[in-house]
J.: 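Starting off with a structure, shown below.
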Amino acid sequence: MNEPRVRLQNAAMYYDALTVLGQPNFPMAQNEKIMNQPMVRFENVTKRYGALTVLDKLNLDISRNERVSIIGPSGSGKTTVLRMLMTLERINDGVIWVNGEPLTHMQRSGRMVPANNRHLRRVRGQIGMVFQHFNLFPHMTALQNCMEAPVSVLGLSKPEAEARAADLLDMVGLGEKKNHFPIQLSGGQKQRVAIARALAMRPKVMLFDEVTSALDPELVGEVLNVIRKLGAEFDLTMLMVTHQMGFAKEFSNRVCFFYGGKIAEQGSPDQLFGDPQNERTRQFLSAVLEAK
Amino acid sequence: MTIWDWSYVWEALPYLSLGAIVTVEATLFGFAIASILGLVFALIRQSRNRYVSTAMAEVVEFIRSTPLLLQVFFIYFVGPEFGMFIPAWIAGVGMLGVHYAAYCSECYRAGIETVDGGQWEACTALNLSPQRSWRAIILPQAIPPIAPALGNYFVGMFKDTPILAAIAIPEMLQRAKNFGGENYRYIEAITMVGFFYLVFSLVASAIVQAVSFWLNRRYHLQ
């Protein structure tokens with residue numbers, strides 16, 4: 001049961017590296033440079049809704065395979081960070097970089113201009129997202145949910161996509177339920193299908209937006225277990241907005257506390273939860289822990 | 001003089017049934033146009049370009065705010081003054097379709113707007129193209145719930161077909177009137193036509209219900 005699973009992501013990247021290196025005259029230095037880039041970089045990113053500034057000059061680097069948790073009171077802009085990275089929201093200022101390449105902008109005759117749809121589609125292909133309310137396609141089975149994008153976007157054949165989807169549904173423990181429709185699944189099962197669906201696109205970055213907030217308490221564990229498994233078996237950069245402080249502490253490499261559209265404090269889980277420096281962080285943590 | 005004379009019924013039957021065929025054909029062709037063009041209108045209406053969507057909304061509003069009969073007259077009688085000679089059948093059925101397309105487009109719009117915004121977000125997150133998102137994700141959820149409303153327009157359009165008589169298309173009611181006029185005897189022909197409208201409407205309603213039930217089941221929308 002606990003046999004290490006094939007590192008899909010790793011294998012694919014290894015293969016990419018081989019093909020690239022196999023080409024003569026490939027500039028090694030450039031490859032090195034890309035590998036040393038942060039996986040995601042927010043550079044002075046500002047987001048406003050009318051007069052309200054939701055995020056104010058956000059600067060945040062996330063390294064390859066890092067797991068970052070974002071916590072903070074509601075309205076602090078934490079979900080907006082994920083939504084901007086998924087291109088569900090346009091930003092008002094700054095640049096977001098993914099894997100060393102600008103996401104929100106593109107080069108045109110030497111100048112950075114706002115990205116067009118084609119550019120957005122290409123770059124955001126490296127990012128997958130899981131939503132608070134699952135957003136499964138209700139008219140498709142679990143399997144079809146996981147096959148739709150690999151077939152229509154990546155161009156996989158139906159059997160290939162089906163094998164991939166079935167594999168991932170097995171991985172999240174829903175191999176038996178693959179022909180069920182979302183309405184026939186519990187909240188925890190729906191969320192696990194949603195995770196499998198995102199993984200079927202082989203993203204390099206996974207975004208989790210309060211993925212357990214809409215679940216009954218007894219179903220939270222099964223979803224968190226799947227995320228733990230991803231951490232163990234895939235090479236993924238993960239960025240999660242969460243209210244599960246215990247999970248954030250156990251699972252992430254870094255925790256960012258957002259307050260009023262800024263990162264008020266960030267650090268290792270031990271440091272942030274054990275010895276918070278910022279007064280706001282202390283207030284927030286004591287309020288959250290008291291409620292438990 | 002008897003109130004009801006069966007001999008008139010048998011005499012009128014073949015003559016009226018030709019009209020019934022015209023009526024049914026006009027309804028089917030007209031509705032095919034209305035349901036497809038209505039969807040096109042609704043999709044244009046959803047365009048991100050504000051000018052395009054506003055222009056579409058205005059066109060729909062315009063079509064809905066003027067009588068069908070006037071629109072048919074305009075195409076058939078005013079058109080030739082500008083060199084547009086359109087056969088009566090095409091002008092009539094086409095205008096019937098366009099008129100009802102405006103109503104159907106509002107229906108489609110309601111269906112599209114009830115699809116949860118999270119579905120669009122999932123489409124973006126999975127990088128589906130806009131075309132694929134519409135075709136595979138949004139419309140299969142938007143259309144089944146509005147099938148009954150579209151069906152109402154189907155029946156409504158059927159009952160509007162006598163308007164075609166105004167541009168000399170020999171549909172059923174027109175034939176009944178002619179038959180009555182020739183024989184100085186209206187009751188049988190008009191009653192028969194009324195009976196046919198009733199039967200057709202009831203059958204059509206039943207079909208609409210069956211189709212919408214099937215659609216909702218097919219797409220597992222409870």
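Letters A, B, ... are given to chains in the order of the sequence lines, protein chains preceding strands, and every chain is numbered from 1. Computed from heavy atoms alone, side chains included, the values below leave out hydrogens, waters and symmetry copies.
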J.: Does Lys47(A) have more than 12 heavy atoms from other residues, nucleotides or ligands lying within 6.0 Å of its NZ?
T.: yes
J.: So, do Pro140(B) and Met140(A) sit near enough that their side-chain heavy atoms are less than 4.5 Å apart?
T.: no
J.: Around Arg90(A), counting heavy atoms of other residues, nucleotides and ligands shown, do more than 12 lie under 6.0 Å from its CZ?
T.: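 No, because the 6.0 Å sphere around CZ of Arg90(A) holds 12 heavy atoms or fewer from other groups.
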J.: Take atom CZ of Phe200(B) as the centre, draw a 6.0 Å sphere, and report whether it contains more than 12 heavy atoms from other residues, nucleotides or ligands.
T.: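 Enclosed.
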J.: Between Arg121(A), Met129(A), Met86(A), which residue shows the highest count of heavy-atom pairs closer than 4.5 Å to chain B?
T.: Arg121(A)
J.: Which value, rounded to the nearest 0.5 Å, describes the distance between Cys123(B) atom SG and Glu148(A) atom CD?
T.: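 If I round to the nearest 0.5 Å, the distance is 8.0 Å.
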J.: Quick check on Leu154(A) against chain B: is it the side chain, the backbone, both or neither that has a heavy atom closer than 4.5 Å?
T.: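 No part of it gets close to chain B.
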J.: Tell me whether Phe82(B) at atom CZ has more than 12 heavy atoms from other residues, nucleotides or ligands lying less than 6.0 Å away.
T.: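 Counting other residues, nucleotides and ligands, CZ of Phe82(B) stays at 12 neighbours or fewer.
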J.: So which heavy atom on Phe131(A) is nearest to which on Ala125(B), and how close?
T.: CZ-CB, 3.9 Å
J.: Could you look at Phe181(A) and say if it's the side chain, the backbone, both or neither that has a heavy atom under 4.5 Å from chain B?
T.: side chain
J.: Only one of Thr87(A), Val153(A), Leu120(A) clears side chain to side chain contact (heavy atoms under 4.5 Å, CB included) with Asn127(B); which?
T.: Val153(A)
J.: Could you tell me the separation between the CG atom of Asn117(A) and the CZ atom of Arg48(B), rounded to the nearest 0.5 Å?
T.: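 Going from CG on Asn117(A) over to CZ on Arg48(B), the span is 6.5 Å.
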J.: Count the heavy atoms of every other residue, nucleotide or ligand shown that sit under 6.0 Å from CZ of Phe74(B), and state whether that count exceeds 12.
T.: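 No, not enclosed.
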J.: Decide if atom CD of Gln184(A) counts as having more than 12 heavy atoms of other residues, nucleotides or ligands within a radius under 6.0 Å.
T.: yes
J.: Is there side-chain contact between Pro138(A) and Tyr219(B), with heavy atoms separated by less than 4.5 Å?
T.: no
J.: Nearest 0.5 Å, please: how far is CG in Asn216(B) from NE2 in His139(A)?
T.: 13.0 Å
J.: Please look at Leu88(A) and chain B and tell me whether the side chain, the backbone, both or neither of the residue comes under 4.5 angstrom of a heavy atom of that chain.
T.: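 Only the side chain of Leu88(A) comes within 4.5 Å of chain B.
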J.: Counting only heavy atoms closer than 4.5 Å, note whether Arg83(A) contacts chain B via side chain, backbone, both or neither.
T.: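 The answer is the side chain of Arg83(A).
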J.: Is there a side-chain contact (heavy atoms from CB on, under 4.5 Å) between Ile138(B) and Phe137(A)? Walk through the geometry before answering.
T.: CA-CA 9 Å; Ile138(B) 305 301; Phe137(A) 304 135; over 6 Å; no
J.: Could you state the interatomic distance from CG (Leu126(B)) to CG (Asn135(A)), rounded to the nearest 0.5 Å?
T.: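 Between atom CG of Leu126(B) and atom CG of Asn135(A) there are 10.0 Å.
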J.: Given a strict heavy-atom distance threshold of 4.5 Å, which part of Met201(A) is in contact with chain B: side chain, backbone, both, or neither?
T.: side chain
